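Following: one structure in structure tokens, then a few remarks.
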There are 4 protein chains.
Amino acid sequence: MDKRAKILAAALKLLVEQGFHSTPTSAIAKAAGVANGTLFHYFKTKDELILGLYADIKKDSLRKILQGIEGQQSVKAKVKTIWYNSINWSITEKEKHNFKQQFMHSPYATQLSQEDLEEELKLFSDMIKEGIEKKILKDIPIDLIYHITHYQMLAIVSYLNLNPHLIEDADFYELAFELFWDNIKRV
Amino acid sequence: MDKRAKILAAALKLLVEQGFHSTPTSAIAKAAGVANGTLFHYFKTKDELILGLYADIKKDSLRKILQGIEGQQSVKAKVKTIWYNSINWSITEKEKHNFKQQFMHSPYATQLSQEDLEEELKLFSDMIKEGIEKKILKDIPIDLIYHITHYQMLAIVSYLNLNPHLIEDADFYELAFELFWDNIKRV
Amino acid sequence: MDKRAKILAAALKLLVEQGFHSTPTSAIAKAAGVANGTLFHYFKTKDELILGLYADIKKDSLRKILQGIEGQQSVKAKVKTIWYNSINWSITEKEKHNFKQQFMHSPYATQLSQEDLEEELKLFSDMIKEGIEKKILKDIPIDLIYHITHYQMLAIVSYLNLNPHLIEDADFYELAFELFWDNIKRV
Amino acid sequence: MDKRAKILAAALKLLVEQGFHSTPTSAIAKAAGVANGTLFHYFKTKDELILGLYADIKKDSLRKILQGIEGQQSVKAKVKTIWYNSINWSITEKEKHNFKQQFMHSPYATQLSQEDLEEELKLFSDMIKEGIEKKILKDIPIDLIYHITHYQMLAIVSYLNLNPHLIEDADFYELAFELFWDNIKRV
DNA sequence: CATGAATGAGGATTCATTCAT
DNA sequence: AATGAATGAATCCTCATTCAT
């Protein structure tokens, strides 16, 4: 692992544990095993480090979420794959998930471009559109469906973190997905 | 308005705008129209101010959310009242809602007691239990229903903030509630 | 006990325990059972309180030290009385003794007038002069004898505080006085 | 002189002049010609600076006090060497002496370990023991002799500071030592 | 006399950032 | 590229003192 990666890894751990402002860059450098100044060689400012970390995490998240979607035929199967991948990523990459949540609810979020915010929506809007056209999904605005979906997944992640024994329980995922599907499917 | 209230009001405004750590206590005092030391006369530390503000906001939120629930007969009417009150509070008290969200995703949240975290759940669990027993709601864990409900409301609030013209649209609330009701009602 | 006395008593206790600058006037007022402002009604400033406390303590010390000296005939008996009274006062009024020591080694000491500093010396100089003239004491400067005497007593007080079991031991006082007497008596 | 030494030198001067609590760290840094933060780079807290200064001064004092003692044969010659070295150090290093006195009479002194307090006693106890065994010194507890000796030296230092013309007067030192010697020698 | 809320200057400490090596 | 000593602005908090009641 090169120094840049070491710094990012240390930053992720400490920023999530202690919060953005309560984590000095010196602590990050120390945890990364590099000198104080080295951190600023790779990231011009602390903000750049945090924004860079967010970008890295988001890229990682999107990549993992889309895995296996190509092989799926039906809209429901595609949605299920994404739904499962999302929750799986948030559980296995708990620190990254927490970082994202903390980031999105901090003043840093205002620095994100419109484009950035809508990136995820765009990836899924074709699939949602297809679902609506095929009368599988409710005929409501695409971004409303996206919103509901996103928060449904957050609900399940939060619930799993409070009930960790369910993480390995395949039945629970089935149940949770069907709950969610009732929410958006056309009746 | 007494000085304590002035300080809390100024704190709410600034903390939401600039974030917890980027808001100096001096700025809060100035905005409240009191001397620097006065803030510390009412709140021993900045943390105590933030925790105190959270407690105040939570109390306000719970009070408003429960309004009018006594008059409702059916489980669905009760749930609808709470659902509507919640969203209404989050929209009309946008700053307070944002503060709560930022607070819950910050390291401050870890300072909350278990009791504190479950307070809202407890208030609603009887109603949820009644719904399950009467075969109106799905037969799944109470706290799972609570979780889903909570996040559904967050989704709608977030969606309304992105589409402010819908805030006055009664039809949208009907639509959104029915969506949500599909999610938890027994089929 | 009136409020002024209560304040002085509380000040003595806290100032000795925590030091002059680490003891807020608010803590003194609280310990004295009076309001913050009341302290400043009796003492215009914190410095005035400390100086006033010193003055009180010094007066108390001098009064006790001179007790019973009138009844003594010989120079040695007079010196012994003073020597014993001094040590006794420092042991029984330990807090006052410690306050005096801390005061004398602090920058406050520079605020004392020359007169103030020499008051004790003057009280004893006649006795010392008599001792020298009667060839009982060594023929060395009066203030040197006074200095040596003063520090001898401090030595014994310090030693007694480290060995508290000797405080009740009359033999020890005899021994200690003879040691000291060897120091200043003419041979 | 490196920055750490510059800070210690400035601290010594200012702390003695103005007292521990009346001397801001900013004033020390300024006097040392370094930035405010630099002081905290070398000393984590103001307390650590003061404790560190005390440790340095004590080391310096002990080193100077023991100089030349190896060459002395008799117990009296050894004691005289130490007595003279001690007074000499206190007079030439007046600021350090005053710092030590102020420190020992402040609440900082309670932070010293038992070991720390007894270090000087231990250095001299062999010599005192030898003196008692050879029937040169009075047969009284070793630590009592040490106490008396220590305070005798303080008395002379205090006297010399009030009478500076005697500092160069070799006869005075002879006189003062003989006075002291009468105090502890066996008769 | 007594109170205690209010003040605001002052001080210890932190920390992002720079830069000479 | 890497280091870590050095910087000084920024911030939390303290506390002597005032004053309206």
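Chain letters run A, B, ... following the sequence lines, proteins first, then strands; residues in each count from 1. As the structure is a prediction and not an experimental result, all values here were calculated from the model.
- Computed from coordinates, the C:His41 NE2 to E:dA2 C1' distance equals 8 Å when rounded to whole Å.
- Note: CZ (D:Phe43) to P (F:dA6) measures 12 Å, nearest angstrom.
- For F:dT3, one of the phosphate oxygens OP1 or OP2 lies less than 4.0 angstrom from a side-chain nitrogen or oxygen of A:Lys3.
- Residue D:Ser22 is classed as having no contact, given no heavy-atom separation below 4.0 Å to the nucleic acid.
- Taking CZ of D:Arg63 as the reference point, atom CH2 of D:Trp89 lies at 11.0 Å (rounded to 0.5 Å).
- Atom CD1 of C:Ile28 is separated from atom P of F:dT17 by 11 Å (rounded to the nearest Å).
- Between B:Gly33 and C:Gly33, the residue whose closest nucleotide on DNA chain E is further toward the 5' end is C:Gly33.
- Applying the 4.0 Å criterion to OP1 and OP2 of F:dA5, one finds that D:Tyr42 has every side-chain N and O outside that range.
- The OG1 atom of B:Thr25 sits 13.0 Å away from the NZ atom of B:Lys30 when rounded to the nearest 0.5 Å.
- Look at NZ on C:Lys30: it is 13 Å from P on F:dC15, rounded to the nearest Å.
- Taking only side-chain nitrogens and oxygens, B:Thr38 comes nearer than 4.0 Å to OP1 or OP2 of E:dT7.
- OP1 and OP2 of E:dG11 both lie 4.0 Å or more from every side-chain N or O belonging to D:Ser26.
- In this structure, C:Lys64 pairs ionically with C:Asp60, as a charged nitrogen and a carboxylate oxygen lie closer than 4.0 Å.
- A:Glu48 has its CD atom 13 Å from the C1' atom of E:dT17, to the nearest Å.
- With the nearest nucleotide of DNA chain F identified for both D:Ala35 and B:Phe40, D:Ala35 has the one nearer the 5' end.
- Nucleotides of DNA chain E nearest to D:Thr25 and B:Val34 differ in position, and the one nearer the 5' end is that of B:Val34.
- Two residues, A:Asn36 and B:Asp47, neighbour DNA chain F, and the one matched to the more 5' nucleotide by heavy-atom proximity is A:Asn36.
- A salt bridge is absent between C:Lys96 and C:Asp56; no separation between the charged side-chain nitrogens and carboxylate oxygens falls under 4.0 Å.
- A donor-acceptor pair under 3.5 Å is absent between the side-chain atoms of D:Ser61 and the main chain of D:Ile57, judged by distance alone.
- Summarising the geometry, the separation between NE2 on D:His21 and P on E:dG10 is reported as 19 Å, rounded to the nearest angstrom.
- In this structure, the NZ atom of B:Lys46 is 11 Å from the C1' atom of F:dA10, given to the nearest Å.
- In this entry F:dT21 has E:dA2 as its Watson-Crick or G-U wobble partner, both defining distances falling under 3.5 Å.
- Counting to the nearest Å, the P atom of F:dC15 and the CZ atom of C:Phe20 are 16 Å from each other.
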